[in-house]
Amino acid sequence: MAASSNSSLSGSSVSSDPEDYQPPIWKSYLYRLQQEAPRPKRMTCPQEMDTRPKYYGREFHGMLSRESADELLGGAEGAYLVRESQRQPGTHTLALRFGHQTLNYRLFYDGKHFVGEKRFETVHDLVTDGLITLYIETKAAEYIAKMTTNPIYEHLGYTSLLKDKMGHRLSRRRTEPHRVTFQREDRKVHTFRGPHWCEYCANFMWGLIAQGVHCSDCGLNVHKQCSKLVPSDCQPDLRRIKKVFSCDLTTLVKAHNTTRPMVVDMCIKEIELRGLQSEGLYRVSGFSEHIEDVRLAFDRDGEKADISANVYNDINIIAGALKLYLRDLPIPVITFHVYSKFILAAKMPNPDTRLEAIHEGLLLLPPAHYETLRHLMMHLKKVTMFEKDNFMNSENLGIVFGPTLMQPPEQNALATLNDMRHQKLIIQLLIEHEDVLF
């Protein structure tokens, strides 16, 4: 299965020592399937229907038979309409094309539209969510059935295992930490803003609304089916729950109410303060142990992390931490959804057409990704201004940052190798033309 490369975790051994904590690798397979799902196509009625309820739009076609609805949809995947049932007048049916057939669902409205448990503001949103669910459950039924077999739950610090270990380190005079219990009544279906990953199985939580379950006590976010496997007692560990590295970019900036991740801002500020003239900046590696220390500092202290020269004199450590942060994002800065558009742009022979295509691709990025990329390119442009000292021009930086900022949706070694020169060119052009492209 295509998802095999995403189905394992690095550092899978569980340690109860907080210092041994390793962040999970979020699996992107289901996210990519959501991006591939058919888009809804509303089939509008050419004439105004007197019998149309006020809560439906032009997708309402009046009383139609199943055969007539099938003919109107014309075989287009994702096409839909609403009709009044001939078999049960006064009731309404959603006719939807999926999998080369027309599916019919009894449609209800009680202030919101629904065919099952989920309630939607519009029929269009209902269809969008339905197509995502149908597509993912069709393409990945076997994968979904097995996705709970290798849980990462114990890696995230919610379990009482960590509490038992840390309890021995506390002074007997200190009060025992408050123990939070993850009772069933605390597990509520939740709508997540932006992409979210299940903190039990590490897989993407798909759909537009009600994608999973949220624990009001400890903040754990999981699939509904995964919530049944979570132990009844959970011990919150805020340092781990509020992780910075390996956290979805959009989720992180929304949580901190910023336009860009603080890691990007703080590392760039430190590098521009004392590292622009450093030879081989971003090409020369810092000590991996010290880079790991920086990661832990951000995960533990957030914006209060100390990355100054007093702690890390070698600027390559800060540069390495920034590259690590960008490389570990579950969705790359240049997202899977627009990856192919940028690769196609890189292959265009005409320079002007190529820049126009890159600009169009940038406009498709989520706001947090766009702003992060813009700020990073402005910084890398400054780096090239000191080329005589650091020997890093836009081409060299493109080689370094291409695979970091761009990753193909399919983890195919040959395709990745073939795309490397195109990745390099895209980053090179973004640096050289950042004042025009952003």
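Just so you know, these numbers come straight off a predicted model, no measurement behind them.
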- Does the N221 side chain pair with the main chain of G212, one donor and one acceptor, at a distance under 3.5 Å? no
* Quick one: does L103's side chain get under 4.5 Å of L134's, heavy atoms only? -> yes
By side-chain contact (heavy atoms from CB on, under 4.5 Å), P367 pairs with (sequence neighbours left out) none
So the salt bridge (charged side-chain N to carboxylate O under 4.0 Å, His left out) pairs with at least one residue in residues 349-360 (sequence neighbours excluded) are none
Taking atom NZ of K381 as the centre, report whether more than 12 heavy atoms of other residues, nucleotides or ligands fall under 6.0 Å from it.
yes
In this structure, CZ of F204 is separated from CD1 of I331 (nearest 0.5 Å) by 6.5 Å
When rounded to the nearest 0.5 Å, the distance separating NE2 of H379 from CZ of R374 is 14.0 Å
- prompt: Would you say E71 has more than 12 foreign heavy atoms packed within less than 6.0 Å of its CD?
  reply: no
Heavy-atom nearest pair, I315 first then G275, reads CG1-CA, 3.8 Å
_Once you measure the plane-to-plane angle for F298 and F245, does it fall in the parallel (<30°), tilted (30-60°) or perpendicular (>60°) bin?_
tilted
query = With a 4.5 Å limit on heavy-atom distance, are the side chains of M392 and V400 in contact?
reply = yes
For the residue pair E59 / Y80, report whether a side-chain donor-acceptor contact shorter than 3.5 Å exists. no
On a heavy-atom basis, the closest approach of L249 and P261 is CG-CG, 4.0 Å
Closest non-hydrogen contact found for T404 with R327 is CG2-N, 3.8 Å
Taken to the nearest 0.5 Å, the spacing of I426 CD1 from I334 CD1 works out to 7.0 Å
Note: L281 and L276 closest approach over all heavy atoms is CD2-CA, 4.2 Å
task: Say whether, by atom type as modelled, one donor and one acceptor occur between the side chain of K41 and the main chain of E77 under 3.5 angstrom.
output: yes
Taken to the nearest 0.5 Å, the spacing of Y325 OH from D299 CG works out to 10.5 Å
Heavy-atom nearest pair, A345 first then I358, reads CB-CG1, 3.9 Å
Salt bridge (charged side-chain N to carboxylate O under 4.0 Å, His left out) pairs touching residues 95-122, sequence neighbours excluded, are D70-R97, D110-R119, K112-E121, E117-K224, K118-D129
Per side chain to side chain donor-acceptor pair (under 3.5 Å), N203 is matched among Y31, Y143, W26 by Y143
What one should report as the nearest heavy-atom pair of L362 and L437 is CD1-O, 3.7 Å
* **Contact check, side chains of I318 and R274, non-hydrogen atoms, under 4.5 Å** => yes
Decide yes or no on side-chain contact (heavy atoms from CB on, under 4.5 Å) for N104 and R83, but give the supporting numbers first.
CA-CA 10 Å; N104 292 275; R83 62 183 179 86; 3.2 Å; yes
Check: Looking just at side-chain N and O atoms, do Q423 and Y339 make a donor-acceptor pair shorter than 3.5 Å?
Finding: yes
Within the 4.5 Å heavy-atom criterion, are H223 and W206 side-chain neighbours or not?
yes
Got a salt bridge between K269 and D265, using NZ or NE/NH1/NH2 to carboxylate O under 4.0 Å? no
Here the side chain to side chain donor-acceptor pair (under 3.5 Å) pairs for residues 429-438, sequence neighbours left out, are S394-E432, Q428-E432
**Study point:** Student check: side-chain heavy atoms of L326 and L376 closer than 4.5 Å
**Key:** yes
Check for me whether the distance between the ring centres of H92 and Y56 falls short of 6.0 Å.
yes
Query raised in the report: Does any N or O in the side chain of R52 come within less than 3.5 Å of the main-chain N or O of G62, such that one atom is a donor and the other an acceptor?
Result: no
- request: Apply the test side-chain contact (heavy atoms from CB on, under 4.5 Å) to residues R295 and I291: give CA-CA distance (whole Å), side-chain angles for both, the deciding distance (0.1 Å), then the verdict.
  value: CA-CA 6 Å; R295 181 190 70 78; I291 292 173; 5.9 Å; no
Sorted by chain and number, sequence neighbours left out, ring pair (Phe, Tyr, Trp, His ring centres under 6.0 Å) with F192 holds for H190, H196
- Task: Return yes if a side-chain donor-acceptor contact under 3.5 Å exists between Y312 and D293, otherwise no.
- Result: no
Inset, instruction - Mark yes when over 12 heavy atoms from residues, nucleotides or ligands other than R39 sit less than 6.0 Å from its CZ; otherwise mark no. - result: yes
Exercise. Is R32 salt-bridged to E36, cutoff N-O under 4.0 Å?
Worked result: no
query = Can you tell me if CZ on F287 sees more than 12 non-hydrogen neighbours from other groups inside 6.0 Å?
reply = no
Does atom CE (M420) have a neighbourhood of more than 12 heavy atoms from anything else shown, all under 6.0 Å?
no
- Message: Test side-chain contact (heavy atoms from CB on, under 4.5 Å) on I271 and Y282; report intermediate values, then the result.
- Response: CA-CA 10 Å; I271 291 167; Y282 288 116; 3.1 Å; yes
Sequence neighbours excluded, the answer for side-chain contact (heavy atoms from CB on, under 4.5 Å) partners of K347 is I343, H422
Rounding to 0.5 Å, atoms OG (S68) and NE2 (H61) come to a distance of 11.5 Å
dist I427:CD1 -> E395:CD (nearest 0.5 Å) comes out at 13.5 Å
message = Can you confirm whether more than 12 heavy atoms, excluding those of E289, are under 6.0 Å from its CD atom?
response = no
Query raised in the report: With no hydrogens and no angle check, is any side-chain donor or acceptor of D248 less than 3.5 Å from a backbone partner on W197?
Result: no
So do D301 and D306 actually touch side chain to side chain, heavy atoms under 4.5 Å? no
Walk me through it: do M377 and L373 pass the test side-chain contact (heavy atoms from CB on, under 4.5 Å)?
CA-CA 6 Å; M377 293 304 110; L373 187 61; 3.8 Å; yes
From the list L380, T259, V264, side-chain contact (heavy atoms from CB on, under 4.5 Å) partner of H375 resolves to V264
For the backbone of T372 and the side chain of R260, can you confirm whether one donor and one acceptor N or O come within less than 3.5 Å of each other? no
Query - Side-chain heavy-atom pair F438, L430 within 4.5 angstrom cut-off - result: yes
(request) Report yes if some heavy atom in the side chain of L96 is under 4.5 Å from a heavy atom in the side chain of L131; otherwise report no. (result) yes
